[in-house]
Protein chains: 6
Amino acid sequence: DFLNAVQEIIPAFGASTDDLERCRLNGMVDCGGRHKHIYERAMLLVEQVKVSKGSPLVTCLLEGPSGSGKSAMAATVGIDSEFPYVKIISAESMIGLLESTKCAQIVKVFEDAYKSPLSIIILDDIERLLEYVAIGPRFSNLMSQALMVLLKRLPPKGKKLLVIGTTSEVGFLDSVGICDAFSVTYHVPTLKTDDAKKVMQQLNVFAEHDVDAAAEAVSDMPIKKLYMLIEMAAQGERGGAAEAIYSGSQKIKISHFFDCLQDVVRY
Amino acid sequence: DFLNAVQEIIPAFGASTDDLERCRLNGMVDCGGRHKHIYERAMLLVEQVKVSKGSPLVTCLLEGPSGSGKSAMAATVGIDSEFPYVKIISAESMIGLLESTKCAQIVKVFEDAYKSPLSIIILDDIERLLEYVAIGPRFSNLMSQALMVLLKRLPPKGKKLLVIGTTSEVGFLDSVGICDAFSVTYHVPTLKTDDAKKVMQQLNVFAEHDVDAAAEAVSDMPIKKLYMLIEMAAQGERGGAAEAIYSGSQKIKISHFFDCLQDVVRY
Amino acid sequence: DFLNAVQEIIPAFGASTDDLERCRLNGMVDCGGRHKHIYERAMLLVEQVKVSKGSPLVTCLLEGPSGSGKSAMAATVGIDSEFPYVKIISAESMIGLLESTKCAQIVKVFEDAYKSPLSIIILDDIERLLEYVAIGPRFSNLMSQALMVLLKRLPPKGKKLLVIGTTSEVGFLDSVGICDAFSVTYHVPTLKTDDAKKVMQQLNVFAEHDVDAAAEAVSDMPIKKLYMLIEMAAQGERGGAAEAIYSGSQKIKISHFFDCLQDVVRY
Amino acid sequence: DFLNAVQEIIPAFGASTDDLERCRLNGMVDCGGRHKHIYERAMLLVEQVKVSKGSPLVTCLLEGPSGSGKSAMAATVGIDSEFPYVKIISAESMIGLLESTKCAQIVKVFEDAYKSPLSIIILDDIERLLEYVAIGPRFSNLMSQALMVLLKRLPPKGKKLLVIGTTSEVGFLDSVGICDAFSVTYHVPTLKTDDAKKVMQQLNVFAEHDVDAAAEAVSDMPIKKLYMLIEMAAQGERGGAAEAIYSGSQKIKISHFFDCLQDVVRY
Amino acid sequence: DFLNAVQEIIPAFGASTDDLERCRLNGMVDCGGRHKHIYERAMLLVEQVKVSKGSPLVTCLLEGPSGSGKSAMAATVGIDSEFPYVKIISAESMIGLLESTKCAQIVKVFEDAYKSPLSIIILDDIERLLEYVAIGPRFSNLMSQALMVLLKRLPPKGKKLLVIGTTSEVGFLDSVGICDAFSVTYHVPTLKTDDAKKVMQQLNVFAEHDVDAAAEAVSDMPIKKLYMLIEMAAQGERGGAAEAIYSGSQKIKISHFFDCLQDVVRY
Amino acid sequence: DFLNAVQEIIPAFGASTDDLERCRLNGMVDCGGRHKHIYERAMLLVEQVKVSKGSPLVTCLLEGPSGSGKSAMAATVGIDSEFPYVKIISAESMIGLLESTKCAQIVKVFEDAYKSPLSIIILDDIERLLEYVAIGPRFSNLMSQALMVLLKRLPPKGKKLLVIGTTSEVGFLDSVGICDAFSVTYHVPTLKTDDAKKVMQQLNVFAEHDVDAAAEAVSDMPIKKLYMLIEMAAQGERGGAAEAIYSGSQKIKISHFFDCLQDVVRY
Ligand SMILES: Nc1ncnc2c1ncn2[C@@H]1O[C@H](COP(=O)(O)OP(=O)(O)OP(=O)(O)O)[C@@H](O)[C@H]1O
Ligand SMILES: Nc1ncnc2c1ncn2[C@@H]1O[C@H](COP(=O)(O)OP(=O)(O)OP(=O)(O)O)[C@@H](O)[C@H]1O
Ligand SMILES: Nc1ncnc2c1ncn2[C@@H]1O[C@H](COP(=O)(O)OP(=O)(O)OP(=O)(O)O)[C@@H](O)[C@H]1O
Ligand SMILES: Nc1ncnc2c1ncn2[C@@H]1O[C@H](COP(=O)(O)OP(=O)(O)OP(=O)(O)O)[C@@H](O)[C@H]1O
Ligand SMILES: Nc1ncnc2c1ncn2[C@@H]1O[C@H](COP(=O)(O)OP(=O)(O)OP(=O)(O)O)[C@@H](O)[C@H]1O
Ligand SMILES: Nc1ncnc2c1ncn2[C@@H]1O[C@H](COP(=O)(O)OP(=O)(O)OP(=O)(O)O)[C@@H](O)[C@H]1O
Ligand SMILES: [Mg+2]
Ligand SMILES: [Mg+2]
Ligand SMILES: [Mg+2]
Ligand SMILES: [Mg+2]
Ligand SMILES: [Mg+2]
Ligand SMILES: [Mg+2]
């Protein structure tokens with residue numbers, strides 16, 4: 001039925017699969033040096049898992065504001081690892097399930113990974129897996145206990161596992177004690193003016209003399225919000241402008257861009 | 001039986017259906033510039049969803065005081081979009097159901113929408129869907145988790161979805177984290193004196209020289225309360241006056257109007 | 001069996017039925033101008049529902065201290081309306097039932113009302129329907145959500161409904177958000193000295209020269225407590241006096257009346 | 001089986017039954033003027049219920065410190081009323097039952113009472129019926145709601161009911177709102193020096209010259225504790241003295257009496 | 001199976017049974033005057049229950065720090081009473097049972113006791129029976145309500161019952177209201193220097209000139225901890241010394257004794 | 001199935017089993033004097049249990065920061081004891097089980113141990129067995145009650161049992177009251193500079209002149225984190241260096257080591 005919880009993803013020969021690709025729907029653009037550094041470090045962990053004898057289990061947390069590109073980065077590492085078993089665990093496929101069912105499905109993914117010599121498991125949006133809400137606060141302790149144990153349980157002899165978690169609620173994860181269960185943690189940031197400018201130039205929808213002002217205005221915005229904003233602005237004030245802008249025959253009117261910025265940045 | 005949760009609404013050729021029309025029982029009058037601006041912006045989002053390639057999912061929240069016209073506005077956008085699939089999810093058809101049943105029904109509506117190339121889903125009175133009450137506060141975390149995931153889950157390739165939410169408890173939605181899950185948020189306001197005057201003139205139940213005083217007295221009142229108040233006053237002090245007033249042969253006595261105002265505005 | 005929840009009350013030709021009459025066991029005496037004003041306003045709402053085209057649903061809350069006569073007033077309006085469908089929903093017939101059963105029964109009453117062209121539903125003692133208790137505070141959120149939706153859900157085309165609620169915990173109802181769901185609210189007060197005197201004169205159990213002192217002493221007492229007090233005093237200091245007093249052949253000894261007042265007013 | 005909840009008590013011709021008599025195991029001694037006054041007032045309520053036409057339901061609460069004689073007093077009123085139906089509802093026969101079972105049994109007692117022309121129901125130790133505990137505080141809201149409704153529900157036409165409640169947690173009952181549901185409340189006190197002296201003289205276990213000192217020392221002690229203390233002292237310092245003391249051939253040694261007082265009054 | 005909750009203990013002719021004896025595994029040594037006084041007072045209560053006519057139920061609480069000898073004392077009183085029915089109720093035989101099962105088993109023990117002319121019930125470690133934990137705090141209200149009723153319910157005519165409770169959480173029991181349900185309470189203390197010295201001399205494992213220093217160092221230690229400490233020290237620094245020390249051919253090295261003290265007294 | 005909770009471990013002739021060995025995957029290196037002292041003391045308790053007549057049950061808690069080597073130490077004591085029955089109870093094999101199931105499995109292990117003349121039970125990561133989380137805080141009271149009783153329940157006559165617990169949340173265990181249930185507690189520390197240096201020299205992956213600087217930098221780090229850090233650094237800045245370093249043909253570049261330290265120590 002429609003609630004079918006864990007997608008099987010067994011990429012062969014380094015080819016990535018649908019689920020991982022969906023995390024980076026519009027491809028990847030260069031988001032600046034800080035994003036790149038994290039990617040490289042994560043790829044070193046991939047290698048460590050592969051060659052190490054002493055650490056059959058390595059765990060890494062990507063944390064940062066909502067929409068900053070954590071899931072896209074984790075998916076990219078998963079794809080580029082060319083490991084025989086790469087799986088993403090996400091709340092999207094577990095809506096409305098019982099805690100215990102979710103828990104069993106997650107355990108199942110780990111058990112499957114233990115059968116592959118080299119595996120990556122992505123725990124996407126951990127606060128959502130834990131059903132976290134700030135009021136209370138409330139969350140599933142069943143899930144948090146399960147994750148804390150799974151993040152420390154060694155795979156069987158000869159098997160190796162890299163776990164990559166993502167979250168935009170690092171403070172919560174910290175107070176639950178899940179942060180400490182990860183070996184390393186990287187902060188995936190919003191875009192600084194320079195990063196935003198780089199992204200805008202790659203998209204090529206602004207007149208050259210507007211790019212600086214536009215980039216300045218969106219400083220400290222996550223990549224996701226920037227994409228949404230540009231899309232809104234591309235419709236034009238009265239609609240109908242999108243095709244011309246994406247084909248390059250027209251540019252976004254900077255004043256309309258600033259209007260749209262008002263809607264996106266909550267007053 | 002009487003608890004039958006989600007009404008199927010498949011308007012064809014831009015014709016709106018019963019459920020959407022029920023949200024604007026007495027037709028729509030001009031409520032002033034601020035209401036109009038929000039309507040136009042929402043219609044731009046309709047277009048963005050239609051033409052965009054990069055954003056198959058757009059989400060928009062209408063928030064404002066109780067009775068300010070949010071549901072009527074959302075319904076109007078749904079009708080005017082002429083999309084093949086427009087559905088309203090409301091607590092009215094889910095009274096007394098279990099959390100899990102409600103949740104499954106909402107997921108069902110989204111799954112159905114994913115089958116249509118262009119869809120609109122209206123999440124009406126989100127705080128009521130979440131069974132929110134200020135004491136505690138209490139609410140259904142099952143529902144809030146489901147909504148947070150659904151508001152971010154992309155429709156399948158080639159399908160496009162606009163989600164419009166309404167709420168009069170934006171502070172609560174914010175602290176749960178649901179506000180952040182919407183791309184844009186608009187505030188639907190009460191009527192200022194000028195807006196109220198405009199509405200009164202369209203209804204034509206006051207003597208011309210009374211309209212200004214009446215409009216002044218109801219400043220910052222939501223449209224719903226204004227309608228109720230006029231209806232009460234139209235009965236006359238001793239009853240029996242309504243027919244004459246609605247037929248236009250008589251006007252509302254301004255002193256009685258002020259009396260009724262006392263009852264409606266809680267002392 | 002003994003737990004049979006909702007009493008069917010279908011008064012014909014203005015004749016009231018048992019359940020409504022039980023709310024005013026000893027008949028109605030004149031309680032002064034403020035009670036009368038509320039009665040008249042409520043009867044205007046009855047007319048508004050009857051003749052209006054724009055407001056098929058009108059809701060009215062009677063709030064005030066325990067024993068001030070709210071239920072008796074609501075029952076009287078129900079009887080005097082001569083509507084074909086008048087029903088009282090009270091916790092008395094739902095003791096010990098599950099929340100969900102109570103909720104289903106209340107929804108049932110509304111569904112029944114939707115079938116009658118003109119209906120009145122009395123939600124008696126709403127805090128008791130919600131199982132409210134100040135410690136905590138605790139209450140049934142299932143019921144409060146159901147009421148909030150029912151108080152806003154429009155009856156089907158052509159049907160009209162007046163809902164009258166009563167409560168002695170208006171502060172609680174306010175903080176839950178149920179007060180806002182009512183169109184109008186009236187405060188049913190305790191008796192001022194003048195009101196009490198009027199009641200005492202109608203009962204004719206005091207010597208004429210004692211009435212003023214007696215009325216002064218019970219100022220701000222609800223009608224129910226006044227009746228209880230008079231009944232206690234009518235037994236006499238050593239018992240046995242009641243018959244003589246009610247037959248009018250003897251009057252209540254004022255000093256004993258004051259003694260009884262001590263017992264009723266908690267020290 | 002051993003959990004059989006409500007004892008049937010149908011005294012005939014003023015003869016009291018086992019359950020009521022068990023509440024006053026050692027007979028009743030004169031506890032002084034304040035106890036007597038409450039007894040007389042309660043008997044007036046018995047008469048009021050019997051003769052009144054306007055108040056078919058009278059409710060009375062006896063509150064006071066643990067062991068002050070509330071249950072014994074209520075049982076005595078029940079016995080002396082000579083009503084055809086007198087029943088005591090106590091937690092003793094409902095240990096470990098589910099809330100809902102207890103509730104149903106209590107409702108059953110009321111339903112039975114409604115069949116008798118004149119009835120008395122004793123709700124003994126209401127805080128225990130509600131499973132109250134100060135930490136939290138916790139209590140059964142199901143039971144408190146049931147009691148609040150039952151204490152206001154009128155018996156059917158022609159039937160009369162007196163409800164006597166007892167409690168040593170009047171503050172709790174007040175904050176739940178149960179106190180307000182009673183028409184009158186009496187405070188059953190501990191023994192003042194004079195009362196204690198009177199009791200001791202009736203028991204005749206002290207030397208005459210010791211009575212004053214003994215009574216002085218136990219001032220403000222409830223009757224139950226005083227009985228326990230005398231019983232302990234009657235064993236003598238090394239045991240074996242009880243028979244001689246109760247036969248009157250020996251008196252309690254006042255110094256040993258003071259020693260025992262230490263054990264009973266917690267340090 | 002292994003969870004079989006209440007052990008039947010029917011000592012005949014003053015001979016004690018296994019369960020009671022297990023509470024004093026190593027026999028009883030003289031712990032000083034304060035322990036002795038409590039024992040004597042408890043034995044007076046045993047006599048009171050036996051001979052009294054007025055108090056068929058006597059209840060006594062032994063409270064004090066963990067390991068101070070409360071259970072051993074209660075077991076000794078039970079054995080020395082030579083009553084035909086002596087039973088100990090302990091959490092040891094009810095691990096993991098449901099509240100309601102535990103509750104039923106405890107009620108069962110009381111019902112059994114009501115069949116014997118003279119009975120003693122030991123409620124051992126009441127806070128453990130109530131599943132008390134300081135965080136929250138949490139505890140079983142079902143059990144606390146049951147105990148409060150059982151501690152006041154009179155046995156049937158002609159039967160007599162002494163209940164002895166033990167606890168190391170007297171503050172908790174007090175705030176629940178269970179302390180007040182006991183007629184008398186005794187505090188079982190830790191060992192003062194003199195008491196400790198007496199115990200050490202009876203065990204005869206120290207050189208005579210070391211006893212004072214050793215006793216001084218363990219002042220205010222409960223008897224249980226003292227036994228553990230001596231046992232640890234008796235192994236010697238490198239192990240292997242125990243046999244020689246217990247046979248008396250060697251004494252505990254005082255410096256090693258002080259080392260062990262460090263481990264037992266938490267830093 | 002995959003959730004099979006308690007592993008049977010019956011080492012014969014001092015040979016350790018898989019489960020215990022898995023706790024010390026990379027063998028044991030010398031961690032300095034403080035670790036050694038605890039090991040020796042724990043081995044003395046092993047002897048005490050073996051030879052003692054008075055203490056058939058000894059309980060010992062190892063507490064300290066996460067990764068400091070508690071489980072490895074407990075497993076080593078278990079192996080070196082050469083007891084016929086040594087079992088480790090860990091949350092790893094009980095993920096997602098119901099409280100009551102976990103509880104029953106733990107009781108089962110104790111019951112099994114009671115059948116062996118000499119047994120060791122390791123309660124590994126007690127806070128995880130209790131499902132502890134700091135927010136709230138929350139934990140399983142069923143489990144905490146069970147442990148508190150099991151830690152005090154004596155094995156049957158002639159059987160001896162040593163229980164070793166480990167925890168990194170000693171504060172929590174203390175406030176639950178579980179610490180007091182252990183006879184002795186030892187603190188397993190992080191590595192001081194000297195300890196870290198010793199470990200590094202044994203691993204032989206640094207150039208001699210870098211060891212001091214490296215050891216200084218990792219002061220107060222638990223052994224587990226130190227192993228992880230060295231492993232990361234051993235990959236080299238661009239990867240590919242691990243083999244050369246572990247074979248000894250190359251040393252870790254100290255500057256890269258400091259870089260890695262940044263990732264592990266959260267910023
Ligand atoms: N480097 C990139 N180039 C282009 N698009 C990107 C890049 N990184 C992320 N995106 C896009 O930005 C959007 C948000 O990214 P992503 O979902 O990875 O963010 P996130 O940090 O996981 O957000 P959330 O906290 O909401 O889960 C996605 O649509 C993704 O395709
Ligand atoms: N522009 C308008 N012209 C005429 N009537 C309107 C208009 N807008 C709203 N109304 C009417 O006002 C009433 C309240 O509007 P609506 O239900 O949309 O408000 P709302 O903001 O959704 O309120 P709530 O917070 O209670 O859900 C409805 O009866 C609706 O028909
Ligand atoms: N106008 C009146 N004349 C005579 N008796 C009245 C009048 N109004 C109320 N009573 C009587 O007073 C008593 C209390 O009235 P009622 O039950 O209506 O009060 P209430 O405000 O609903 O109280 P509660 O808050 O307890 O529900 C009833 O017995 C009723 O019959
Ligand atoms: N007037 C009296 N003469 C002799 N004994 C009395 C008298 N009143 C009460 N007692 C005895 O004192 C004891 C306590 O009385 P009772 O149980 O009525 O007190 P209570 O106030 O109901 O206590 P609790 O709050 O514990 O329920 C009983 O054993 C009862 O028999
Ligand atoms: N007088 C005594 N002589 C010798 N041993 C004693 C004596 N009293 C107690 N003990 C021993 O001390 C230990 C602790 O005693 P006991 O279990 O009675 O203490 P407790 O106060 O009940 O402790 P807890 O609060 O943990 O239940 C037991 O092993 C018991 O055998
Ligand atoms: N003396 C040692 N020599 C070598 N490796 C060790 C030593 N002690 C511990 N380790 C290793 O360090 C890691 C952590 O040790 P261990 O699991 O015992 O720590 P812990 O204190 O139980 O941690 P946690 O609090 O996370 O349970 C393990 O991989 C273990 O093999
Ligand atoms: Mg993400
Ligand atoms: Mg709305
Ligand atoms: Mg009422
Ligand atoms: Mg009583
Ligand atoms: Mg004990
Ligand atoms: Mg460990």
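All of these numbers come straight from a predicted model, not from anything done at the bench.
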* Asked: Considering only heavy atoms, which portion of C/V176 lies under 4.5 Å from any heavy atom of chain B: side chain, backbone, both, or neither?
  -> both
* So, for B/M94 and B/L129, which heavy atoms are closest and what is the spacing to 0.1 Å? -> CE-CD2, 3.5 Å
* Asked: Side-chain contact, heavy-atom cut-off 4.5 Å: B/I79 with B/R24?
  -> yes
* Asked: With a 4.5 Å heavy-atom cut-off, do C/L118 and C/P84 have their side chains touching?
  -> yes
* Asked: Parallel, tilted or perpendicular: which fits the ring planes of C/Y186 and C/H37, with parallel below 30° and perpendicular above 60°?
  -> perpendicular
* Asked: Pick from B/R138, B/R22, B/R238: which one has the most heavy-atom pairs with chain C under 4.5 Å?
  -> B/R138
* **Closest heavy-atom pair and its distance - B/L130, B/S144** => CD2-N, 3.5 Å
* To do: Examine whether an atom of C/S175 lies under 4.5 Å from a heavy atom of chain B, and if so say whether it belongs to the side chain, the backbone or both; otherwise answer neither.
  => both
* To do: Select one option (side chain, backbone, both, neither) describing which atoms of C/F139 are under 4.5 Å from chain B's heavy atoms.
  => both
* Asked: So which part of C/K53 gets closer than 4.5 Å to some heavy atom of chain B, the side chain, the backbone, both or neither?
  -> backbone
* **Euclidean distance, B/T101 OG1 relative to B/Q105 CD, rounded to 0.5 Å** => 6.5 Å
* Structure fact -> Comparing C/K157, C/E47, C/K50, C/E40 against chain B, the one with the most heavy-atom pairs below 4.5 Å turns out to be C/E47
* Structure fact -> Rounded to the nearest 0.5 Å, the CD1 atom of C/I121 sits from the NZ atom of C/K87 at a distance of 8.0 Å
* Contact part of B/Y246 toward chain C, heavy-atom cut-off under 4.5 Å: side chain, backbone, both or neither? -> neither
* Identify which part of B/A91 has an atom lying under 4.5 Å from any heavy atom of chain C, answering side chain, backbone, both or neither. => both
* Most heavy-atom pairs under 4.5 angstrom with chain B, which of C/S52, C/C103, C/G177? -> C/S52
* Part of residues 67-75 of chain B lying next to chain C, heavy-atom separation under 4.5 Å -> none
* Asked: Under a 4.0 Å N-O cut-off, is there an ion pair linking B/K251 with B/D210?
  -> no
* Asked: If every non-hydrogen atom of B/V199 is compared with every non-hydrogen atom of B/D30, which pair is closest and at what distance?
  -> CG2-O, 3.8 Å
* Asked: Hey, what do you get for CZ (B/F257) to CG (B/L229), rounding to the nearest 0.5 Å?
  -> 4.0 Å
* Structure fact -> If you tally heavy-atom pairs under 4.5 Å between each of C/E99, C/Q145, C/M43 and chain B, the highest tally belongs to C/Q145
* Structure fact -> Honestly, the part of B/E237 sitting under 4.5 Å from a heavy atom of chain C is backbone
* Any chance you could measure B/L261, atom CG, to B/L226, atom CG, to the nearest 0.5 Å? => 10.0 Å
